[in-house]
Amino acid sequence: MKREWIALLLIAILCLAVGLAEPRYLQPRSIDSILLWMPLTVVLAMGQHLVVITGGIDISIGSILAFAGIGVGLLLKAQPGLPIPLAFACGIAIGLVLGFVNAALIVWLRLAPLIATIGTLAAFRGLTFALSKGDQIDGSTLPDGLTSLASNGVSAGGVTVSWLLVIGLGVAGATALFLRFGAAGRALFAVGSNAEAARLRGVSLSKATFVAYSTCGALAGLAGVMYAARFGFVNPGSAGQNFELTVIAAVAIGGAKLTGGSGTVTGTLLGCLLLSCINVALSTLGIDANWQLLAYGTVILAAIVVDGIRSKAEVAR
Amino acid sequence: MRVSRLPWDLMVLLGLLIAGSLLASFFIPGFLDFRYLLDTSTLHAEAGILALAMTFVIVSGHIDLSIASNMVLSAVFAGLMLKSGMNPPLVIGLTCVASTLLGTLNGVLVVLFRLPSFLVTLATLAIYRGTAQALLGPKSVAIPKEMVGLDQSLVAGIPWPTAIFVMLAIVSGLLLHRTVFGRWTFAVGTNEEAAVYAGLPVARIKIWVFALAGLAAGICALLIDSRLGVARHDLARGLELDVITIAVVGGCAIRGGKGSIPGTVLAMLLVMLIRTAMGVANVKAEYQLTAIGLLLVLAVGFGGLRGSPRATKVNL
Amino acid sequence: MPLNFYRLTPVVLALIVSFGCSSTEPQTDSGPTPVAGAKMKLVFIPKSTGNPYFNQVAKGFEGASGIEFSSQAPATADATSQLAIIKEQVQRGVNAIALSANSPDALNEALDQAKAKGVMVLTVDSDLTGNESHRDVGILPTNFKKIGPAQIELLGSQIGYEGEFAILSATTDAPNQNAWIETMKTELKNPKYAKMKLVEIVYGDDEPQKSSTEAEALLTKHPKLRGIISPTSVGLAAAAQVLDNSGLYPGGAKATGQGIVLTGLSTPNQMKKFVEKGVVASFQLWDPADMGVIATHIASNKLTLKPGDSFEVPGKGKFTVEENNVVYAGQLLTFNKENIGKYDF
């Protein structure tokens with residue numbers, strides 16, 4: 001069975017079960033909540049998806065998000081009239097630079113991606129504190145045009161697809177096209193499935209690494225601006241904290257192999273949707289706050305094990 | 001070949017440690033105070049002990065992100081047993097058994113479903129801490145007086161947790177570098193396929209390595225209970241990254257097959273030195289964070305520049 | 001051979017960073033023992049860095065004469081990292097520690113050691129509830145018994161003292177939050193509030209994402225909801241954003257009936273936008289800086305206080321020490337459209 005169908009089946013079972021226990025879970029308001037949870041995760045997951053395809057990992061995305069969010073916030077403070085698209089461009093540029101740093105550490109210093117990005121996770125967070133001088137970006141700094149991206153959007157049947165989600169889906173679409181038709185995108189798969197064979201075929205490992213991590217950084221930077229739009233403030237300490245774990249879980253549930261060389265954008269999108277459904281379900285069902293972490297971990301483990309069984313069966317065939 | 005390379009890395013770490021200590025003693029008032037340094041070493045003993053076990057896990061080509069969560073769950077478990085009036089030796093035994101089982105569970109999941117340990121332990125990281133929170137809720141459980149304060153009592157002039165760290169370092173050094181099990185751990189991490197063809201019990205070795213990480217978590221659970229006098233679900237958040245940092249600065253290659261206990265011990269001392277020196281010098285926490293991140297990246301990066309041929313494969 | 005040099009680089013760098021930063025700190029005396037007559041060293045240890053509330057508390061400490069003040073916060077709000085900081089600061093030779101405790105009990109041992117070395121230990125904002133003997137004086141923002149009733153009244157007056165409401169709190173183990181929620185529950189027994197019903201208490205863990213999802217779920221679960229109280233700034237901001245997005249606030253685009261009234265505790269700067277927009281009509285807090293001023297006064301005059309004592313803080317008035325050596329620092333302020341422009345914290 002294809003990976004995406006399993007993820008879809010899991011989502012359907014979850015929604016049905018939760019919907020039976022609490023019918024309001026399937027009402028438009030709750031669906032709005034599910035759809036609003038997704039955009040940040042989707043954008044971050046697309047970056048992570050590219051990195052995972054090369055067989056790498058990026059732990060530092062949460063810190064990049066915070067750095068870009070604070071950076072753009074400070075910029076908006078200094079230049080209140082800054083056009084929103086320019087704010088987004090700045091966030092992306094900041095993220096691109098930090099992602100490039102990750103790639104440089106991996107390619108030029110030959111660091112293992114996990115180690116390089118655990119290091120930059122701490123270092124970028126420290127720099128975020130230094131940049132912000134410990135102050136958060138408050139709502140009054142952020143223009144309404146930015147925060148309304150979370151509240152406005154395309155409405156149909158009482159459900160609103162926010163502009164943020166439109167951005168998220170746009171990023172997902174672009175990622176899919178890039179991986180399918182872009183030469184650089186196909187190179188990521190080549191490198192991830194067999195670096196040695198790729199090299200013999202003239203695919204450059206360093207180039208693919210630079211593409212993957214810089215894009216991942218740029219998307220984390222984009223997510224930093226989206227974070228400001230969604231929550232209306234950016235705190236140097238809490239922004240993006242622990243996001244890496246959520247995002248890696250989403251990519252893994254979507255069926256991308258952490259060893260590289262495989263994974264589909266649809267799968268990762270469904271991974272994000274599943275996590276979103278779980279998070280909103282935990283709140284909607286009113287599950288005791290003290291049990292939520294356990295429930296969350298169990299669902300993720302279940303999803304991972306299901307995938308393990310599936311791929312073992314595939315190998316056996 | 002591995003053995004011949006060892007002393008070189010160690011000498012570099014040792015040199016850094018000595019140079020750093022000298023500089024810190026000279027420039028930072030209040031740093032050079034052996035009673036304080038020994039006392040403060042108890043804060044780092046748990047990370048050190050976990051890093052010893054993590055060395056085995058990383059050498060075997062795996063990772064255990066759940067190690068700190070396991071410690072917290074075991075600490076809560078021990079606290080609840082002590083509160084119910086069980087006698088302490090029994091509690092110590094049961095805690096270690098429980099934590100070892102939790103570690104084994106990681107290994108079994110990795111082996112049985114052929115899952116990356118990174119993912120499995122990412123999930124159990126949430127599950128173990130989540131269980132601790134579900135067991136205890138917002139409350140904390142007080143540890144009986146007679147079990148509290150191990151870090152304040154000395155053995156041969158050294159606080160107990162530090163002494164236990166030293167003893168465990170010797171034991172794990174012997175286990176990794178002088179036994180068949182240690183050689184097999186290296187073999188599995190260097191090339192798993194080759195190890196399978198050589199007839200090594202690869203699955204069992206992996207499970208043992210994760211069990212070992214669990215055991216270390218149990219020992220640390222008892223230490224942290226004794227040190228803090230309470231067990232809570234929210235202790236030691238993010239400690240797993242500190243532990244991995246120590247192991248990697250100590251020379252563990254995350255791709256497996258490389259690492260040493262003496263290296264991990266020196267790295268633990270080095271991280272402790274930097275943290276303590278910066279703390280006493282009143283450097284802000286955020287700069288400490290940046291410095292530790294830099295240390296990790298640069299220590300490993302410049303090590304990697306020497307050009308191990310394995311480094312060409314981009315992977316976890 | 002170049003290896004040796006390269007391998008040295010990180011620590012040399014780290015040390016340079018550490019010395020670079022430490023050299024900016026004036027080094028008046030050395031060694032762990034406080035020296036009589038030297039400038040008094042006072043350190044404030046907040047719950048975590050980057051928290052606007054504690055930045056304002058820190059402002060109260062600044063500028064006192066005869067005091068060498070510094071602030072040292074852990075990067076994450078975690079008791080075990082505060083423990084290392086306490087030990088380091090004692091070793092640095094501070095005379096007084098003002099601490100916003102991340103745990104009511106995990107720091108006991110470290111604080112006892114500090115006190116044994118003659119360091120004055122004050123708690124600021126977050127006390128060691130149930131373990132008060134491990135510190136000298138606790139300086140709390142305002143009388144906790146007044147916060148619950150004030151919040152209930154603030155909400156009640158806006159919903160005509162009738163209807164369902166919910167509380168969005170921080171974590172399940174936040175002592176202050178739990179104390180305030182308890183006083184809210186007690187106050188609800190007052191016949192005046194007989195028609196107000198607390199339907200649920202949810203926890204957003206002081207994370208924006210979780211707080212938003214919890215606030216949205218409240219709207220889903222309780223269609224008849226009339227009000228939300230969020231006595232934590234992250235929660236209040238998240239809930240305000242949710243109401244703003246959904247247009248369900250009184251007078252909002254999609255408000256059914258009279259809309260959902262939101263109130264709680266936060267700093268004015270964090271809420272200014274929502275008050276000006278009309279999403280939130282009013283909310284409350286005290287001036288966090290007051291606690292810093294009082295802590296500085298107690299520390300610099302080396303006051304030994306016991307319940308029933310009173311003392312005068314220049315410019316702030318007279319304070320009385322309550323049970324458990326607690327001092328209440330200030331008055332609850334109510335912020336609304338008219339007065340919010342006057343505050344900057």
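The structure displayed is predicted, hence computed values, not measured ones. Each chain gets a letter, A, B and so on, in the order the sequences are listed, and its residues count up from 1.
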Which value, rounded to the nearest 0.5 Å, describes the distance between [X] atom [atom1] and [Y] atom [atom2]?
X      : Y      : atom1 : atom2 : result
B/F118 : A/T259 : CZ    : OG1   : 13.0 Å
B/I58  : A/I115 : CD1   : CD1   : 6.5 Å
B/Q133 : A/N290 : CD    : CG    : 4.5 Å
A/L111 : B/L296 : CG    : CG    : 7.5 Å
B/R129 : A/L294 : CZ    : CG    : 13.5 Å
B/L241 : A/L121 : CG    : CG    : 6.5 Å

### Task
Select one option (side chain, backbone, both, neither) describing which atoms of B/I244 are under 4.5 Å from chain A's heavy atoms.
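Only the side chain of B/I244 comes within 4.5 Å of chain A.
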#### Entry: Heavy-atom proximity to chain A below 4.5 Å, by part of B/L115
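The side chain, not the backbone.
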### Task
Specify which of A/T117, A/I118, A/I300 makes the most heavy-atom pairs with chain B at under 4.5 Å.
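Option with the top pair count is A/I118.
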### Query
chain B: which of A/I248, A/D288, A/L127, A/T120 shares the most heavy-atom pairs with it under 4.5 Å?
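Top option by heavy-atom pairs under 4.5 Å: A/I248.
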### Message
Could you check whether any side-chain heavy atom of A/L114 comes within less than 4.5 Å of a side-chain heavy atom of B/I63, counting everything from C-beta outward?
### Response
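Yes, close enough: below the 4.5 Å cut-off.
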Grab the two heavy atoms, one from [X] and one from [Y], that are nearest each other, plus how far apart they are.
X      : Y      : value
A/R110 : B/R255 : O-NH2, 4.1 Å
A/I304 : B/L119 : CD1-O, 3.6 Å
A/G297 : B/A126 : CA-CB, 3.7 Å
B/I254 : A/A112 : CG2-CB, 3.2 Å
A/L258 : B/P116 : CB-CG, 4.3 Å

For [X], which atoms come within 4.5 Å of any heavy atom of chain B: side chain, backbone, both, or neither?
X      : result
A/A289 : backbone
A/A116 : backbone
A/L245 : both

### Task
Pull out the residues in residues 134-142 of chain B that come under 4.5 Å of chain A, heavy atom to heavy atom, sorted by number.
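At a heavy-atom separation under 4.5 Å, chain A is reached by B/A134, B/G137, B/P138.
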### Message
Strictly less than 4.5 Å between heavy atoms, which residues of residues 236-244 of chain A line up against chain B? Please order them by number.
### Response
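Near chain B, by residue number: none.
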